[in-house]
Amino acid sequence: MPTYAVTGSTGHLGRLVIANLLARVPSDEIVALARTPSKGADLGVTVRTFDYDRPETLPPALEGVDRLLLISASEVGKRVPQHQAVIDAAKAAGVSLIVYTSVLHAPDSLLGLADEHRQTEAALAESGVPFALLRNGWYTENYTGSIGAAVEHGVVLGSAGDARVTPATRADYAAAAAVVLTADDPAGQTLELAGDEAFTMAEYAAEVARQSGREVAYQDLPEEDYRAALERIGLPGPVAGMIAQSDAAAGQGALYDDGRALSRLIGRPTTPLADAVAAALAA
Ligand SMILES: NC(=O)c1ccc[n+]([C@@H]2O[C@H](COP(=O)([O-])OP(=O)(O)OC[C@H]3O[C@@H](n4cnc5c(N)ncnc54)[C@H](OP(=O)(O)O)[C@@H]3O)[C@@H](O)[C@H]2O)c1
């Protein structure tokens, strides 16, 4: 029987992937790979230590693993060597499939973040291990994560102009990952995944206003001013720069895709923006 392993299993996306896998295959076929195993005690599956920065942890954790979901690592700038270490270890362990969470339209994406994903896709191709690419768009939670501040201050800041974006919730991307991981023959697939619904930042702000009953408007800023505003609220410079650059790229269409591959894959519409906003306001 195939054994499925998931990296980053203690993160937001990884937890949801494990839950989706549990709905599809017996729990003893799933291995949660975790940098901090104690965080995975409630996942309901076997947890193995797996730290991208500690190469000695990788081979034993991959013993008996057939299909591996490599959820992209979270430290921007360190990810290429981290992903390479995982790919090398998976190859040595005889893993038959790596599914990797890349970024929407990776080959020509304007997102600064895309470079590490392009390099990882190249490393996968180089490795000879069969692989599938989940080119995930933005998380809706990237917007709704700061909904409290938007309501409090009556403003959504950004640099995306009036461009439309098609994000999807982590739950939608996690469902897709579980479908692909357990599919009959997913090797070779490249999936551009995004939400069904397109909206502008002004439309997002209007939805927040409608549901909260408060005045909330979108204020568009030049990329530099948005970066400075993010730094003023306490984000580290590189993170603020990355977010502002991503938003400016979104302004040029980098976070838009109307192919609807995600809803086809999961067999249902992606989560409507109204539902995501309602969930965030209730949290
Ligand atoms: N598409 C988007 O909009 C978007 C937005 C944000 C992030 N992302 C990407 O998607 C990934 C998953 O998102 P998320 O929201 O689930 O992120 P998250 O909650 O930050 O989870 C990241 C996971 O990676 C693990 N990890 C980090 N460094 C590691 C290392 N050196 N060795 C082993 N595991 C390590 C973390 O382990 P610990 O629990 O020990 O910290 C955690 O389980 C992110 O890592 C990032 O690459 C995409």
Side-chain angles (χ1 to χ4, degrees), residues 5-20 31-43 45 47-58 60-62 68-87 89-90 99-106 109 111-121 133-146 158 160 165-178 191-195 235 238-239 242-243 245-247 249-250 254-257 262 270-271 276:
V6 178
T7 77
S9 62
T10 54
H12 294 91
L13 182 68
R15 287 186 163 277
L16 294 167
V17 173
I18 296 284
N20 276 274
V31 175
L33 302 173
R35 169 168 61 178
T36 322
S38 58
K39 283 194 191 174
D42 60 343
L43 287 171
V45 300
V47 182
R48 294 181 183 167
T49 302
F50 195 81
D51 185 338
Y52 311 141
D53 296 326
R54 291 166 56 216
E56 72 282 6
T57 64
L58 307 183
L62 292 172
L68 174 69
L69 175 65
L70 171 53
I71 292 184
S72 52
S74 46
E75 289 166 272
V76 175
K78 288 179 67 177
R79 297 190 290 182
V80 174
Q82 290 179 328
H83 295 165
Q84 185 71 60
V86 176
I87 293 165
V99 179
Y100 172 65
T101 63
S102 185
V103 74
L104 191 67
H105 305 151
S109 174
L111 296 172
L113 282 170
D115 200 44
E116 287 175 303
H117 290 293
R118 280 190 284 269
Q119 291 187 58
T120 303
E121 289 192 6
L133 299 173
L134 306 174
R135 288 194 180 141
N136 290 348
W138 234 218
Y139 298 157
T140 309
E141 290 89 344
N142 295 348
Y143 303 113
T144 57
S146 53
V165 295
T166 49
T169 61
R170 286 191 184 94
D172 293 336
Y173 293 119
L191 295 152
E192 303 288 353
L193 301 180
L235 290 187
V239 176
M242 183 270 286
I243 294 173
Q245 193 281 332
S246 298
D247 219 47
L255 295 173
Y256 177 84
D257 181 273
L262 177 52
T270 57
T271 307

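Atoms within a ligand are numbered from 1 in the order they appear, just like the ligands themselves. Just so it is clear, the values below take in all heavy atoms, side chains as well, and ignore hydrogens, waters and symmetry mates. The first residue of the sequence shown is numbered 1, and numbering continues consecutively from there.
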What protein heavy atom sits nearest [atom], and how far away is it?
atom	value
atom 15 (O) of ligand 1	R170 NE, 2.9 Å
atom 20 (O) of ligand 1	S74 CB, 4.1 Å
atom 32 (N) of ligand 1	Y52 N, 2.9 Å
atom 36 (C) of ligand 1	R35 NH2, 4.0 Å
atom 24 (O) of ligand 1	G8 CA, 3.8 Å
atom 45 (O) of ligand 1	S72 O, 2.6 Å
atom 37 (O) of ligand 1	T10 OG1, 3.6 Å
atom 4 (C) of ligand 1	Y139 CE1, 3.3 Å

Short N or O distance, [X] and ligand 1, threshold 3.5 Å exclusive:
X	answer
G137	yes
T36	yes
G14	no

What atoms of ligand 1 come closer than 4.0 angstrom to any heavy atom of [X]?
X	value
D51	30 (C), 31 (N), 32 (N), 33 (C)
L13	14 (P), 16 (O)
Q82	31 (N)
W138	3 (O)
K39	38 (P), 39 (O), 40 (O), 41 (O)
F50	32 (N), 33 (C)
I71	11 (C), 12 (C)
G11	16 (O), 19 (O), 21 (O), 42 (C), 43 (O)

field: Sole residue of L262, L193, V103 in side chain to side chain contact (heavy atoms under 4.5 Å, CB included) with N136
entry: L193
message: Applying the side chain to side chain contact (heavy atoms under 4.5 Å, CB included) criterion to V99, which one of L133, L191, L69 satisfies it?
response: L69
task: Can you measure from OG (S72) to CZ (R79) and round to the nearest 0.5 angstrom?
output: 5.5 Å
Heavy atom of protein closer than 4.0 angstrom to atom 40 (O) of ligand 1: yes
message: Quick one: does any side-chain atom of Y173 pair with a main-chain N or O of W138 as donor and acceptor, under 3.5 Å?
response: yes
- prompt: Would you call R35 and D53 a salt bridge, using N to O less than 4.0 angstrom?
  reply: no
task: Considering only NZ, NE, NH1 and NH2 on the basic side and carboxylate oxygens on the acidic side, decide whether D257 and R135 come within less than 4.0 Å.
output: no
